[in-house]
Amino acid sequence: MNVQDYGLSLRSQALGMHKAGETPKKVAQVLNINIRSVQRWGRSDKLRFSMESKPKSGRPPKIDRVAKIVIAKSLGKRRQSTRKLALRLTRRGCDVSHTSVHRYLRKSLGTTPFKRPRRPRLTLKLKKNRIEFA
């Protein structure tokens, strides 16, 4: 579920248009917002709820916008481990752990860790065949 936080001014503008007689669909099209948001704001206004944003639950993210850009640019470079990236970001003032960097790479950017392909070991039968061939 993608939640967008619209500003208080946009909410009050949408509510004013809705009170003036515009349909929620028309208000949503004019202001380029979701129709469900306009409907929800209309219901909360009828019930006399506040239009202020409620505080968000959960821990705030440690990785800010600049850190996300640094991590995304590092994808093209070789030999960039999550520990090296976390150290580089810590030096820039964004105190993050390597697990936070790893989580952002996996969930947001959809990358997977590099795994070197394994070469099959020579079995006794293969060694014997090579000796016979030579």
What are the two closest non-hydrogen atoms of [X] and [Y], and how far apart are they?
| X | Y | answer |
| --- | --- | --- |
| Glu22 | His18 | O-ND1, 3.4 Å |
| Ile63 | Tyr104 | CD1-CB, 3.8 Å |
| Ala86 | Ser97 | CB-C, 3.8 Å |
| Pro113 | Arg106 | CD-NH1, 3.4 Å |

Checklist entry - Are Ile33 and Trp41 close enough that some pair of their side-chain heavy atoms sits under 4.5 Å apart? => result yes
Item to check | Heavy-atom check, side chain of Arg130 versus side chain of Leu122, under 4.5 Å | outcome: yes
How long is the gap from [atom1] on [X] to [atom2] on [Y], to the nearest 0.5 Å?
| X | Y | atom1 | atom2 | value |
| --- | --- | --- | --- | --- |
| Asn34 | Gln39 | CG | CD | 8.5 Å |
| Arg40 | Arg11 | CZ | CZ | 8.5 Å |
| Leu124 | Asn129 | CG | CG | 11.0 Å |
| Ser74 | Lys84 | OG | NZ | 11.5 Å |
| Leu75 | Leu109 | CG | CG | 5.5 Å |
| Leu85 | Ser100 | CG | OG | 12.0 Å |

Item to check | Met17 vs Leu31, side-chain contact (heavy atoms from CB on, under 4.5 Å): CA-CA, chis, key distance, verdict | outcome: CA-CA 10 Å; Met17 289 173 68; Leu31 297 177; 4.1 Å; yes
Checklist outcome for this item: Those residues at least two apart in sequence (or on a different chain) that pass side-chain hydrogen bond (donor to acceptor under 3.5 Å, both in side chains) with Thr82 are none
Checklist entry - Would you say the side-chain atoms of Ser12 pair up with the backbone N or O of Ser9, donor to acceptor, closer than 3.5 Å? => result yes
Checklist entry - Is Lys25 reaching over with its side chain to a backbone N or O of Ile35, donor-acceptor style, under 3.5 angstrom? => result no
Next on the checklist: Lys62 vs Arg59, test: side-chain contact (heavy atoms from CB on, under 4.5 Å). Steps then yes/no.
Outcome noted: CA-CA 9 Å; Lys62 295 263 302 198; Arg59 181 180 179 194; 3.3 Å; yes
Checklist entry - Would you say Ile69 and Leu87 are hydrophobically clustered, going by side-chain heavy atoms of ILVMFWY under 4.5 Å? => result no
Checklist entry - Name the one of Val96, Thr111, Val101, Val66 that satisfies side chain to side chain contact (heavy atoms under 4.5 Å, CB included) with Ile71? => result Val101
